[in-house]
Amino acid sequence: MQQNKPEMKITRTEKSTLSHVDFDNLTFGKTFTDHMLICTYKNGAWQEPEIKPYQKVEMPLSLHALHYGQAAFEGMKAYKQIDGNVALFRPEENWKRLNRSAVRLLMPEVPKEVFIDGLVELIKLDQNWVPSKPDMSLYIRPFIFSSSDFIAARPSEEYTFAIICSPVSAYYSGAVKVKVEREFSRSAHGGIGFTKAAGNYGGAFYPTEKAKQQGFTQILWTDPKNHEFIEESGTMNVMFIIDNTMVTPALSDRILAGITRASILSLGKEMGMEIQERSVSVSEIEEAAKNGSLKEAFGMGTAAVVSMISHIGFDTDNVVEIPVPEKGIGAQIKKRLNAIRTGESPDVNGWMLKIN
Ligand SMILES: *Cc1c(COP(=O)(O)O)cnc(C)c1O
């Protein structure tokens, strides 16, 4: 039987909205489950976490995060497995990464008991919200923000950590057309590119919108100095299959260390692929795309897992088509990763945390 942790207050909803949800017509991130977790930090300490019905929270307009952007988030998923279990994918990695973001933004680290134990309790309560249809999952959004109510440009004294959850459909975005970005940058050396700071996304919307107006789907970010080296693809890490080698930009303080990226590198090794984490120049990729040694390119991230790239725009008038093989490396890896998540393949790496 479930035993509530004494140090966590749990209030169940009296009217679940689950039966009103049309699971066949979900818009990403617009439907929320019955419960949420919220935990505040004040007087130098985390307070008792609380799980309660999903609801609006009253906030002052002097809310610190709105003015100074001390805010960071995580994105992760819970999956329904073939034996009926619900399991989380590598949640400790998200907990550690949220705390790396928190440290860089001078926010307090979230204790494991609050993040992991709280998350498990929350998902237990909302487990009927985890869709069982193929490729559907429950998207989980843990986040932390500064919640003092003053507008002086100094660090906040109070912080709020919360988790909300949203059932999501399969992410059939199709292959994407990416633009090599040579004007704007998403991050700089010494900056906050390696964190999931809210402001990184706010700063990316404008260049992404410009790329869309030019007919692209996403941006292929390059280094901020000379725009010579490839860094990421939109909000995903990027992988190139050159001949038989998996080539991905090496991590740095400008690149977000994706959990999907790390998992795909492990799977690639298991599949016997050669793997290179190194600098990847735009000119190398352009040459490989033109001489045919670039066999595939794809983005890697929680939302789409693998998002195939069908075109790379080196310039607006220099767009090169990239093969999207139906049974290529990207497709195989996506299948393998999904099979581990649903429990169809054995979880040899111990990635899944079963919640029931
Ligand atoms: C979240 C994110 C990723 C992917 O990380 P995952 O842990 O695989 O979801 C990659 N790049 C950026 C910029 C991101 O925000």
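One-based numbering, in listed order, for ligands and for the atoms of each. Position 1 is the first residue of the sequence; numbering continues from there.
No more than 12 heavy atoms of other residues, nucleotides or ligands shown are found within 6.0 angstrom of CD1 on I151. Summarising the local packing, NZ of K354 is surrounded by more than 12 heavy atoms from other residues, nucleotides or ligands at distances under 6.0 Å.
Within the 3.5 Å criterion, the main-chain N or O of G292 finds a donor-acceptor partner in the side chain of K295.
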**OP:** Please test E158 against K42 for salt bridge (charged side-chain N to carboxylate O under 4.0 Å, His left out), starting from the C-alpha separation and ending with a verdict.
**Re:** CA-CA 5 Å; E158 297 184 8; K42 53 183 161 198; 5.4 Å; no

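Remark: R182 is not positioned above the aromatic ring of F184, lacking an NZ or CZ atom under 6.0 angstrom from the ring centre and at most 45 degrees off the axis.
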For ligand 1, list all ligand N or O to protein N or O distances below 3.5 Å, rounded to 0.1 Å.
from	atom 1	to	atom 2	distance (Å)
ligand 1	7 (O)	R97	NH1	2.8
ligand 1	7 (O)	R97	NH2	3.0
ligand 1	7 (O)	I259	N	2.8
ligand 1	8 (O)	I259	N	3.3
ligand 1	8 (O)	T260	N	2.9
ligand 1	8 (O)	T260	OG1	2.6
ligand 1	9 (O)	T302	N	3.0
ligand 1	9 (O)	T302	OG1	2.5
ligand 1	11 (N)	E232	OE1	2.5
ligand 1	11 (N)	T235	O	3.4
ligand 1	15 (O)	K196	NZ	2.8
ligand 1	15 (O)	Y201	OH	2.3

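With sequence neighbours excluded, no residue forms a salt bridge (Lys or Arg N to Asp or Glu O under 4.0 Å) with E109.
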